[in-house]
Number of protein chains: 2
Amino acid sequence: MSTHAAARVAAPTRREQILREAARLFAERGFHGVGVDEIGAAVGISGPGLYRHFPGKDAMLAELLVGISERLLDGGRLRVSEDASRGDGSPEALLDALIEGHIDFALDDRPLITLHDRELDRLRDTDRKRVRRLQREYVEVWVGVVRALYPGLPENEARVTVHAVFGLLNSTPHLARPEARPGREATAALLHRLARGAFAAAVDPSRAVVVDPS
Amino acid sequence: MSTHAAARVAAPTRREQILREAARLFAERGFHGVGVDEIGAAVGISGPGLYRHFPGKDAMLAELLVGISERLLDGGRLRVSEDASRGDGSPEALLDALIEGHIDFALDDRPLITLHDRELDRLRDTDRKRVRRLQREYVEVWVGVVRALYPGLPENEARVTVHAVFGLLNSTPHLARPEARPGREATAALLHRLARGAFAAAVDPSRAVVVDPS
DNA sequence: CAGGGTCGTTAGCGCTCGTTAACCTGAGGG
DNA sequence: CCCTCAGGTTAACGAGCGCTAACGACCCTG
């Protein structure tokens, strides 16, 4: 998480610029809805100049999607291993850490989150399989933690629940007016509560009713 | 003009066939990723024959998105008015009814749900504004019910929560292997629990204004 | 049987898109 | 001073797209 800020010290290379703008444009208008000339214009060069950096338009999307999926999976695995290496690791705290990490990603890299579940089918077979595998492994990391916390939850229900919580956490990019929502930290805290509430309700319906906290 | 009555029960009309297949294809490969020839082939005619039924490819997408949005909004409003006309209407039961209706939609019309939040930006300005308005009104229906049930929840947090729950309920189309999840009714019940759990958790426990459960 | 409407067909036009080809320029090294 | 090479440029090509034009088969109805 602190590494994220540190990596931004140096000026972004041209490749990174291109990927950044391509992600934004793809998220806004869809992969097929953006032309290479537009991507070039967004970074100050024009059209075919992109081919000095990428073998083709497909390759940009592929690199974006593989990158996202790897970052998510690596982050998830890192948190699991941190929790395991810490003596007092608890499933509760670990699930919170996973949720926290995913929320950071959803709030800070909105175009990528959008692309991640929207443009997967535009990839060539080999890339799509690779991304699918990374996504599946990321889900399995969550499923493992959720089932450690709620042993009574059947595996297929846990998987559906994890998918549903992803949908919940990834919902912010779809908000029409981003200025109409609470600040970043308040939104993050709210999403975190919602996710925990959903997980709690997955196993125990009685927790789905509001109770007096006092 | 053909007979209206005959089309009610009998085989779907050609227009409906086209819309159905177009929805499936658009959801699978994106609006720009599907050609008119493919849509035609999917209903047994070929290419330009579609123009006997629609003025253009855009019009198919527009009719699909407007139709979805209207169906959702009408369903929501219907349930609210039913609840109001029933003497014993309670926000609890009303929210359950809204959730139920949305789940039915998400499970039974998966391509439409996918299109609904994915291809909106491919519409012409006038159609897009119309769909946006319908979607916004649908959200407001939910927000009203949620705030009636949880008066302590601020309006902007309620709105984010409703969006998040939509993301949760709409997550099933993204499941890679639909056969790996529980049956329809079990999935519906699970999603219902998750949604209720998320709403219950929306109210920050430390700030909760608790309504008398009598 | 004539005539029109409906619902198709095929051919092809015009445009846009991703990509390639050929050329240019400025910086660094021997 | 020349050569190389990275990183651009513009021109243009070929494919694929949405859509139109022109035509035809079929089914009514009078």
Side-chain angles (χ1 to χ4, degrees), chain A residues 10-65 115 119-128, chain B residues 1-7 10-65 115 119 121-128:
Chain A
T13 162
R14 176 66 21 123
R15 260 185 79 91
E16 290 167 346
Q17 262 187 67
I18 295 171
L19 285 175
R20 186 183 200 82
E21 294 303 309
R24 186 179 56 80
L25 290 168
F26 289 162
E28 275 175 15
R29 299 210 288 285
F31 179 69
H32 290 300
V34 180
V36 289
D37 290 353
E38 282 177 279
I39 304 174
V43 296
I45 72 181
S46 225
L50 296 170
Y51 287 76
R52 297 284 166 201
H53 304 273
F54 294 92
K57 192 185 164 196
D58 299 342
M60 303 181 204
L61 182 65
E63 187 157 331
L64 283 172
L65 291 185
L115 288 182
E119 304 288 348
L120 178 60
D121 298 321
R122 281 65 169 172
L123 255 48
R124 284 170 29 228
D125 260 32
T126 139
D127 291 321
R128 189 174 59 245
Chain B
M1 181 58 73
S2 64
T3 74
H4 203 86
T13 164
R14 174 71 18 125
R15 260 187 79 91
E16 290 165 345
Q17 261 186 70
I18 294 172
L19 284 175
R20 186 184 200 80
E21 295 302 310
R24 186 179 55 81
L25 290 168
F26 289 161
E28 275 175 15
R29 299 209 287 286
F31 179 69
H32 291 300
V34 180
V36 289
D37 289 353
E38 281 177 281
I39 304 174
V43 297
I45 72 182
S46 227
L50 296 171
Y51 287 78
R52 297 286 165 200
H53 305 275
F54 294 92
K57 192 186 164 195
D58 298 343
M60 301 181 205
L61 182 64
E63 186 157 332
L64 283 171
L65 292 186
L115 288 183
E119 304 289 345
D121 297 321
R122 279 62 166 175
L123 254 47
R124 284 171 31 228
D125 261 30
T126 141
D127 291 322
R128 188 175 58 245

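So that the names make sense, note that chain A is the first sequence line, chain B the second, and so on, each numbered from 1.
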*If you draw a 6.0 Å radius around CZ in B/R15, do more than 12 non-hydrogen atoms from other residues or ligands fall strictly inside?*
yes
Taken to the nearest whole Å, CG/B/L25 to P/D/dC17 is 13 Å
Within the structure shown, what part of the strands sits under 4.0 Å from A/V34 by heavy-atom distance: base, sugar-phosphate, or nothing?
sugar-phosphate
From CZ of B/F54 across to P of C/dG8 the rounded distance in Å is 12 Å
(request) Establish, with yes or no, whether the OP1 or OP2 oxygen of D/dG8 is under 4.0 angstrom from a side-chain nitrogen or oxygen of A/R14. (result) yes
Q. Is it true that atom CZ of B/R124 has more than 12 heavy atoms of other residues, nucleotides or ligands lying nearer than 6.0 Å?
A. no
Just to be sure I understand the rule, does B/G56 reach a base, reach only the sugar-phosphate, or reach nothing, if contact means heavy atoms closer than 4.0 Å? sugar-phosphate
Closest to the side chain of A/V36, out of D/dT9, C/dG18, C/dG8, is C/dG18
From OH of B/Y51 across to C1' of D/dC19 the rounded distance in Å is 5 Å
Rounded to whole Å, CZ of B/R52 lies from P of C/dG5 at a distance of 13 Å
Once you apply a heavy-atom cut-off of 4.0 Å, does A/H53 come out as touching a base, just sugar-phosphate, or nothing? sugar-phosphate
Review point. Would A/E28 and A/R24 satisfy salt bridge (charged side-chain N to carboxylate O under 4.0 Å, His left out), going step by step from the backbone distance to the final call?
Key: CA-CA 6 Å; A/E28 275 175 15; A/R24 186 179 56 80; 3.4 Å; yes
Taken to the nearest whole Å, CD1/A/I39 to P/D/dG8 is 15 Å
Side-chain atoms of A/P48 come closest, of C/dG8, D/dT10, D/dG8, to D/dT10
Check: Tell me, do B/I18 and B/L50 make a side-chain contact under 4.5 Å, heavy atoms counted?
Finding: yes
_Geometric cation-pi criterion A/K57 and A/F31, 6.0 Å radius, 45° cone_ = yes
**Prompt:** Is A/G49 touching bases, backbone alone, or none of the nucleic acid, heavy atoms closer than 4.0 Å?
**Reply:** base
Separation of D/dG8 atom C1' from A/D37 atom CG, nearest Å, is 14 Å
Between CG of A/D58 and C1' of C/dC17 the distance, given in whole Å, is 13 Å
Separation of D/dG16 atom C1' from A/K57 atom NZ, nearest Å, is 13 Å
